[in-house]
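The structure appears right after this line, and notes come after that.
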There are 2 protein chains.
Amino acid sequence: MEVARLAGVSITTVSRCLNTPDKVGKKTLAKVRKVIQDINFSPNVLAQSFRRGRTNIILVVVHEIGSWLFADIMEGIRAVVDGRYSIILTESRPDVTENGTFIDMLVARQVEGVILLCSPLPFSRKLIELAKSKPLPIVIGLEPVSDDLGQFPSVHIDNHQAAYDATQYLIRLGHAEIVFVSGPKNSYVTKDRELGFLAAMRDGGLTVDSDRVIHSDLSANGGINSAIEILARPSRPSAIFCANDDVAMGVMSVATKRGLRVPEDLSVMGFDDTRYAALTNPALSTVLQPARDIGMKAAQKLLQAIERPDDDAARTEILPHRIVVRDSTALRR
Amino acid sequence: MEVARLAGVSITTVSRCLNTPDKVGKKTLAKVRKVIQDINFSPNVLAQSFRRGRTNIILVVVHEIGSWLFADIMEGIRAVVDGRYSIILTESRPDVTENGTFIDMLVARQVEGVILLCSPLPFSRKLIELAKSKPLPIVIGLEPVSDDLGQFPSVHIDNHQAAYDATQYLIRLGHAEIVFVSGPKNSYVTKDRELGFLAAMRDGGLTVDSDRVIHSDLSANGGINSAIEILARPSRPSAIFCANDDVAMGVMSVATKRGLRVPEDLSVMGFDDTRYAALTNPALSTVLQPARDIGMKAAQKLLQAIERPDDDAARTEILPHRIVVRDSTALRR
DNA sequence: CTGAAAGCGCTTACAG
DNA sequence: CTGAAAGCGCTTACAG
């Protein structure tokens, strides 16, 4: 290359100056570095990637960006991954076509590892297949893993227990008619939360009719629709526990528009403790997930899987949750 | 390669089957394709990228993810970019180390183009320098461009006019003491909005003391701090116009906690019309930016710049805005 | 329509 | 500590 010629050394030496400078003589190093400076040379990353068989790119699959929960997780991931890897962010929304290609990218070694912040079904299946043939650097974050994906390391809170705790908190406030607005039926996370809710109700000696759990798409709109349905019932619950904060915001907005006072007439509880939770009116009681930590731990596990595939990482790591009490929940009147 | 051997053809032919199948005989094509199927072959993308000098990766720089505004823009970008390019998302927050490397990625041709959804200063300078030496596929979205960056195509609304319209709307409601909570002082977008606000005030025959514009970091927290400052003043404004919805949410939460009724005691207006705007209590009046369109147009411009660099794209494209009236603004009492 | 050959810009044993 | 040479897996004129 140019640099080698100008510095009067071999290409090999230039390469060494770039990658293993301590294996090069002091003078040579200085000389080469000067030339690199002078002509403002930077190595062709494409060639390097090709030659090394590594791209230093990792993929993060989220359900959809635009949520502070994911943003905070991303921040954690970035803090760990730092300058060592670039991150390609992909949404797993059904309407996002990129979905299919993410597997391809893995196969073609365009990315070196994946952090799955959601584990929708079509993905899972393909992953299992792939994992059969070779070890895959994948870690699941946020969501508990399905049985299928149990082989991959994961980082999340104990969703069952967290929902149990939140429900128990509502019960202790005197609520007996509580509705849980869950997520989609095929979601593992919300299934766990649903079971935690049911367990707490049972342990509290409360009966739970089948209409006490209703499903939503975890969006604010989903919350709106759910609230409309719930509030149209002959007997109104005194508390609604939502599978995430967005749903809770939707529920609150409907309740307020119907003239119900939160929390006097209706307690509303969220899940996630996203940044908007403290800003709603009234401020939302919710369950905190340590989003940044989840991101960091997931990234750490992934880097380990990539760089030291032999060290068998602890399979799954459970992070602590916390009930955050604000103003949207109160003693039952 | 393996495939060539098994199919009994040359590597050249295999390559052609993959890239220009119409230049290959029908029978040969079928034969090769079968082998590809059989051994589940997929070309080494790294080698392709290297050889072609293209990565099919574009970079999107946002101020920070976790905002629906950016999420919606991203959706627009994705809709256009489709399966043709992968997207690397980078945040330009000062604490994100990746910042510096994005220029490197451009230089090293690791990415083929950039959509800048924010144009912070250190970036701009480096970009200018780069642009001197070679044509850079860059488009600015959302933000008007600084003079420096004027050479790049851009897509955004007329922020000056939008803020003018919003302010005029407030004035027509009878408000005279209006405070504008702007963004950081070095932000071009919010500067435009600020000027629009001032122009409308002037045209409305209203005097504007210097404390009628205050700066924030465009976060909800920034809104909170601003509101605290504003509401501590001896004479309280009857309306607060915020440079974005997050700030407005912060402002409303403070106002509400202080016992002020929105909009009866205080009108609050936002900007962006993010998904949460309709969910606040009361629902937020705001200025709609066509986020998805901005993303689509920006992506279209970028692809054109990448693929047909000679066609000189229209330099800047102004998209329509719209005042969205909800419940947080009302006639002055 | 097909193939032999050169080459993309690096890295990495290997030899000195 | 340094260099000559091979090779990573493709693509692409060039020739037939």
Side-chain angles (χ1 to χ4, degrees), chain A residues 1-36 38-57 84 86 104-112 134 306-307, chain B residues 1-36 38-57 84 86 104-112 134 306-307:
Chain A
M1 15 146 123
E2 185 73 359
V3 178
R5 201 174 50 69
L6 289 174
V9 298
S10 74
I11 293 179
T12 310
T13 300
V14 174
S15 175
R16 274 195 278 255
C17 289
L18 259 15
N19 304 311
T20 52
D22 37 308
K23 290 188 178 174
V24 179
K26 263 187 155 331
K27 285 183 190 168
T28 319
L29 185 58
K31 191 168 54 181
V32 172
R33 285 203 166 144
K34 175 156 184 1
V35 176
I36 289 178
D38 288 349
I39 69 171
N40 204 357
F41 169 84
S42 66
N44 180 321
V45 182
L46 265 37
Q48 287 179 323
S49 292
F50 165 54
R51 198 46 256 267
R52 294 172 179 161
R54 320 193 41 194
T55 54
N56 289 308
I57 295 177
R84 298 200 283 159
S86 295
D104 300 337
M105 295 182 69
L106 242 188
V107 174
R109 302 253 348 129
Q110 178 125 231
V111 305
E112 299 190 40
K134 61 169 181 173
I306 292 173
E307 292 164 5
Chain B
M1 13 144 127
E2 184 75 358
V3 177
R5 201 174 50 71
L6 289 174
V9 298
S10 74
I11 293 180
T12 310
T13 300
V14 174
S15 175
R16 273 195 278 254
C17 289
L18 260 14
N19 304 311
T20 52
D22 37 306
K23 291 187 178 175
V24 180
K26 262 187 158 330
K27 284 182 190 169
T28 319
L29 184 57
K31 192 168 53 182
V32 172
R33 284 201 166 147
K34 177 159 182 358
V35 175
I36 289 177
D38 289 349
I39 68 170
N40 204 354
F41 170 83
S42 66
N44 180 321
V45 182
L46 265 37
Q48 287 179 325
S49 292
F50 164 54
R51 198 46 254 268
R52 294 172 178 160
R54 322 192 39 193
T55 55
N56 289 306
I57 294 177
R84 299 200 282 158
S86 295
D104 300 337
M105 295 182 70
L106 243 188
V107 175
R109 302 257 342 132
Q110 178 125 233
V111 306
E112 300 189 40
K134 60 169 183 174
I306 293 174
E307 293 165 4

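Chain A is the first sequence line, chain B the second, and so forth, proteins listed ahead of strands; every chain is numbered from 1.
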Any side-chain N or O of [X] under 4.0 Å from OP1/OP2 of [N]?
X        : N       : value
Gln48(A) : dT11(C) : yes
Thr13(A) : dT2(D)  : no
Asn44(A) : dC8(C)  : no
Arg51(B) : dG9(D)  : no
Ser15(B) : dC10(D) : no

Do NZ/NE/NH1/NH2 and the carboxylate oxygens of Arg84(A) and Glu307(A) come within less than 4.0 Å?
yes
Of the candidate nucleotides [options], which contains the atom at the shortest distance from the side chain of [X]?
X        : options                   : value
Thr12(B) : dC10(D), dG9(C), dA4(C)   : dA4(C)
Ser10(A) : dG7(D), dC10(D), dG3(D)   : dG3(D)
Val24(B) : dT2(C), dT2(D), dT11(D)   : dT2(C)
Pro43(A) : dC10(C), dT11(C), dC10(D) : dC10(C)

Spacing between [X] atom [atom1] and [N] atom [atom2], to the nearest angstrom:
X        : N       : atom1 : atom2 : result
Ile11(B) : dA6(C)  : CD1   : P     : 14 Å
Phe50(A) : dC8(C)  : CZ    : P     : 13 Å
Leu18(B) : dC10(D) : CG    : P     : 8 Å
Arg16(A) : dT12(C) : CZ    : P     : 11 Å
Asp22(A) : dT2(D)  : CG    : C1'   : 15 Å
Arg5(A)  : dG9(C)  : CZ    : P     : 14 Å
Arg54(B) : dC10(D) : CZ    : C1'   : 15 Å
Lys26(A) : dT2(D)  : NZ    : C1'   : 17 Å

Under 3.5 Å on both distances, the Watson-Crick or G-U partner of dA13(C):
none
Report the base-pairing partner of dA4(C) (Watson-Crick or G-U wobble, both distances below 3.5 angstrom), or none.
none
Less than 4.5 Å apart, any side-chain heavy atom of [X] and any of [Y]?
X        : Y        : result
Arg33(A) : Leu29(A) : yes
Val9(B)  : Lys31(B) : yes
Phe50(A) : Asn44(A) : no

Any side-chain donor near an acceptor of the partner, Arg52(B) and Asn19(B), under 3.5 Å
yes
Please tell me whether Ser15(A) and Thr12(A) have a donor and an acceptor in their side chains that are separated by less than 3.5 angstrom.
no
Could you say whether Asn19(A) or Ala47(B) is positioned toward the 5' end of DNA chain C, judged by the nucleotide with the nearest heavy atom to each?
Ala47(B)
Quantified in whole Å, what is the C1' atom distance between nucleotide dG16(C) and nucleotide dT12(C)?
16 Å
With DNA chain D as reference, determine whether Arg52(B) or Lys27(A) sits nearer its 5' end, using the nearest nucleotide of each.
Lys27(A)
